[in-house]
Amino acid sequence: MVDREAAAAAMAHSFTQEYFQIPVVTRAYTTACVLTTAAVQLEVITPFQLYFNPELIIRRYQIWRLITSFLFFGSLGFSFVFNIIFLYRYCRMLEEGSFRGRTADFVFMFLFGGIVMTLFGLFANVFFLGQAFIIMLVYVWSRRHPLIRMNFFGLLNFQAPFLPWVLMGFSLLLGNSIVVDLLGISVGHMYYFLEDVFPHQPGGRKLLMTPELLRAMFDRPVDPNYRPLHEEHLQQDN
């Protein structure tokens, strides 16, 4: 009995250590998505309280819908697991890669993507924006790693920049609307162009400036003992 309790305590401690090794933005967003889905499964809340509805936001001041529409991926099942895996992996690889030591810039990318998607959502009749947000993260990561070879379920081999389009094709095969995927790709390309392309063009300049308030809130010295999730360990499992 004592051995079992000790083993359980060791596992809990190990899980806690691994959990807090996840970078802060990835940890917060992934946890919020999982807890939101758990709350729906336990019937604490319903999807009708979460979806994006401009009329309820403006006329009934249900401001939380601006956030909760990014947190719910449907009931527990293949689609939910698929989305959470992609969210965790590509969000973490971005945060540990090109945004390492730049948490404020990463949060600003979240704000940029969320605001632009919300504006598009006013016209696109999209109720949940989380999947589009994941596609945006995947798009930005893929464009910043154009030479990485990907393998999708052992069926397709391609370069990383094609990954968002492969995911869109997969959604189409499952009979889902591709409007959400196109929204994510569009917003991802807007961010990539404004951040990575336009500033390096003749006459170009940096247009996306992270507010100093975000830098004061989020930027911290990089921990030299931090263990990142290496891209080369992940690319072959997609």
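Note that these values count all heavy atoms, side chains included, but never hydrogens, waters or copies made by symmetry. FYI, the numbering just counts along the sequence from 1.
If you run side-chain hydrogen bond (donor to acceptor under 3.5 Å, both in side chains) between T26 and each of E96, E95, R92, only E95 comes through. Of the options Y191, Y192, Y90, a side chain to side chain contact (heavy atoms under 4.5 Å, CB included) to Y139 is made by Y192 and by none of the others.
For the atom pair CG (D181) and CG (L172), the distance works out to 9.0 Å, reported to the nearest 0.5 Å. Of the inter-residue distances, the one linking R60 atom CZ with E55 atom CD reads 7.5 Å to the nearest 0.5 angstrom. Rounding to the nearest 0.5 angstrom, the gap separating the CG atom in L173 from the CE atom in M168 is 11.0 Å. Separating the CD1 atom in I57 from the CG atom in L66 is a distance of 4.0 Å, to the nearest 0.5 Å. For the atom pair CD1 of I178 and CG of L167, the computed distance is 13.0 Å after rounding to the nearest 0.5 Å. Taken to the nearest 0.5 Å, the CZ atom of R59 stands 10.5 Å off from the CG atom of N53.
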Problem set entry | Full working for side chain to side chain contact (heavy atoms under 4.5 Å, CB included) between L214 and L111 | CA-CA 11 Å; L214 291 181; L111 293 175; 3.9 Å; yes
Q | Residues R65, F52; criterion side chain to side chain contact (heavy atoms under 4.5 Å, CB included); working and verdict | A | CA-CA 6 Å; R65 293 179 184 273; F52 180 69; 5.5 Å; no
*Test side chain to side chain contact (heavy atoms under 4.5 Å, CB included) on V116 and M190 and set out the steps.*
CA-CA 9 Å; V116 175; M190 287 175 61; 4.1 Å; yes
Going through the distances and angles, do T68 and F128 end up as a side chain to side chain contact (heavy atoms under 4.5 Å, CB included)? CA-CA 8 Å; T68 57; F128 292 102; over 6 Å; no
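Judged as a side chain to side chain donor-acceptor pair (under 3.5 Å), and not counting sequence neighbours, the contacts of Q159 are R149. Qualifying side chain to side chain donor-acceptor pair (under 3.5 Å) partners for S186, counting only residues two or more places apart in sequence or in other chains: none. For Q49, the side chain to side chain donor-acceptor pair (under 3.5 Å) test picks out no residue, with sequence neighbours left out.
Closest non-hydrogen pair, G74 versus T37, comes out as O-CG2, 3.6 Å. The two residues A32 and L71 have their closest heavy-atom pair at CB-CD2, 4.0 Å. Smallest separation of non-hydrogen atoms from Q131 and N83: CG-OD1, 3.9 Å. Nearest heavy atom pair, residue H145 against residue A160, reads O-CB, 3.1 Å.
Linking Ile, Leu, Val, Met, Phe, Trp and Tyr whenever their side-chain heavy atoms come within less than 4.5 Å leaves F72 and I135 in two separate clusters. The hydrophobic clustering, which links ILVMFWY residues whose side-chain heavy atoms are closer than 4.5 Å, places F112 and L207 together. Residues M117 and L94 share a single hydrophobic cluster, defined by chaining ILVMFWY side chains whose heavy atoms lie under 4.5 Å apart. L213 is connected to L208 through a chain of hydrophobic side-chain contacts under 4.5 Å among Ile, Leu, Val, Met, Phe, Trp and Tyr, so both are in one cluster. Both F108 and F218 belong to a common hydrophobic cluster when Ile, Leu, Val, Met, Phe, Trp and Tyr are linked at side-chain heavy-atom distances under 4.5 angstrom.
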Under 3.5 Å, which donor-acceptor pairs link side chains of residues 40-48 to any protein atom two or more places apart or in another chain?
unit_1 : atom_1 : unit_2 : atom_2 : d
Q41    : OE1    : L76    : N      : 3.4
T46    : OG1    : F48    : N      : 3.4

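Applying the side-chain hydrogen bond (donor to acceptor under 3.5 Å, both in side chains) test to pairs two or more places apart or on separate chains, those with a residue in residues 198-209 are E195-K206. Within the structure, side-chain hydrogen bond (donor to acceptor under 3.5 Å, both in side chains) pairs that include any residue of residues 103-128 comprise R102-D105, D105-T210, D105-R215 (at least two apart or interchain).
Other residues, nucleotides and ligands contribute only 12 or fewer heavy atoms inside 6.0 Å of the CZ atom of F120. Summarising the local packing, CG of L35 is surrounded by more than 12 heavy atoms from other residues, nucleotides or ligands at distances under 6.0 Å.
Between F133 and F110, the two ring planes are perpendicular [angle over 60°; tilted spans 30° to 60°].
Taking 4.5 Å as the limit, every side-chain heavy atom of L137 sits out of range of all side-chain heavy atoms of F86. Side-chain contact check for F106 versus C91: some heavy-atom pair is nearer than 4.5 Å. Between I134 and F82 the shortest side-chain heavy-atom distance does not fall below 4.5 Å.
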